[in-house]
Amino acid sequence: AVTPMSADQLALFKSSWNTVKHNEVDILYAVFKANPDIQAKFPQFAGKDLDSIKDSADFAVHSGRIVGFFSEVIGLIGNPENRPALKTLIDGLASSHKARGIEKAQFEEFRASLVDYLSHHLDWNDTMKSTWDLALNNMFFYILHALEVAQ
Ligand code: HEM
């Protein structure tokens, strides 16, 4: 289920994301490093040495798309008028990933690696941790549900 965030939590969520959102390459690198099975799903990166692809243009483009999705969603969260746009984005993500055979468990792995990254790059105190837990619980509730019902 989804638990609404307080205004303070929402503000902290957004401002803390703003401090790392341009570390796209480092974030995707951290996800691939911890989860070779995720890297293996990317046709252009499968089987390649992560440290040698990290600085490529292709890696930057993909990192920008994937991490940029979070920026797009986080930018829309908090205003009820944006709900249809959020639903469209999340449904699109779910159907494109379902079509690639990506399972719920891999989304959970992605989430865990993102949190691990954040825990080392944000001022990770109890308030920060509980705010991100809540935000990602909500976001992944929608994503995983959309993945379940996607065709
Ligand atoms: C919440 C987590 C994730 C987000 C926000 C995300 C976001 C995106 C976005 C925005 C794209 C480009 C648009 C599209 O094709 O839909 C994309 C492509 C892709 N994603 Fe994800 N993704 C996530 C998790 C995963 C996971 C767990 C895997 C693999 C196990 C994965 C594999 C792929 C692949 C293979 C592509 C296509 C890359 C290409 O263009 O060749 N994604 N992802």
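Because the structure is a prediction, the values reported are computed rather than measured. Because only heavy atoms are used, hydrogens play no part in the values below, and waters and symmetry mates are left out as well, while side chains stay in. For ligands, and for the atoms within them, numbers begin at 1 and follow the listed sequence.
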| task | Would you tell me which option among Glu103, Arg100, Glu108 has the nearest heavy-atom contact to atom 15 (O) of ligand 1? | result | Arg100
| remark: Gln106 heavy atoms within 4.0 Å reach ligand 1 at atoms 27 (C), 30 (C)
| request: Give the numbers and elements of all ligand 1 atoms closer than 4.0 Å to a heavy atom of Phe140. | output: 1 (C)
| note | min-distance protein heavy atom vs atom 12 (C) of ligand 1 -> Arg65 CD, 3.9 Å
| task | Taking atom 2 (C) of ligand 1 as the reference point, report whether a protein heavy atom occurs under 4.0 Å from it. | result | yes
| What is the closest protein heavy atom to atom 20 (N) of ligand 1, and at what distance does it sit? | His97 NE2, 2.8 Å
| message | Angle between ring planes, Trp17 versus Phe70, binned at 30° and 60°: parallel, tilted or perpendicular? | response | tilted
| said: Give me the nearest non-hydrogen protein atom to atom 9 (C) of ligand 1 as residue plus atom name, then the distance to 0.1 Å. | reply: Ile66 CG1, 4.0 Å
| Considering only the protein, which heavy-atom contact is closest to atom 26 (C) of ligand 1, and what is its distance? | Ile102 CG2, 3.9 Å
| message | Can you confirm whether or not the ring centre of Phe42 sits under 6.0 Å from the ring centre of Phe32? | response | yes
| Check: Ser96 N/O within less than 3.5 Å of ligand 1 N/O | yes
| field | Glu103 atom CD: more than 12 heavy-atom contacts under 6.0 Å | value | no
| note | Counting from 1 in the order shown, the ligand 1 atoms closer than 4.0 Å to a non-hydrogen atom of Leu93 are 4 (C), 6 (C), 7 (C), 8 (C)
| message | Using a 4.0 Å cut-off to any heavy atom of Gln44, which atoms of ligand 1 qualify? | response | 39 (C), 41 (O)
| remark: A student checking ligand 1 against Phe69 at a 4.0 Å heavy-atom cut-off should list atoms 5 (C), 10 (C)
| message | Can you tell me if Asp49 has over 12 outside heavy atoms packed within less than 6.0 Å of its CG? | response | yes
| Are His97 and Gln106 linked by a side-chain donor-acceptor pair shorter than 3.5 Å? | no
| note | One should read off an interatomic distance between Thr19 OG1 and Lys14 NZ, to the nearest 0.5 angstrom, of 15.0 Å
| atom 35 (C) of ligand 1: the protein heavy-atom neighbour that sits closest, reported with distance to 0.1 Å | Lys41 O, 3.2 Å
| field | Main-chain N/O of Tyr142 paired to Lys87 side chain as donor or acceptor, under 3.5 Å | value | no
| task | Could you tell me the residue and atom name of the protein heavy atom closest to atom 33 (C) of ligand 1, and the distance to it rounded to 0.1 Å? | result | Phe42 CZ, 3.2 Å
| request: Below 4.0 angstrom from a heavy atom of His62, which ligand 1 atoms are there? Numbered from 1 as shown, please. | output: 38 (C), 39 (C), 40 (O), 41 (O)
| Spatial distance of atom OG (Ser96) from atom CG (Asp91) [nearest 0.5 Å] | 11.0 Å
| said: For Tyr29, does the six-membered ring have the charged nitrogen or CZ of Lys54 within the cation-pi criterion, i.e. under 6.0 angstrom from the centroid and within 45° of the normal? | reply: yes
| Distance-only side-chain donor-acceptor flag, Ser113 / Asn35, under 3.5 Å | yes
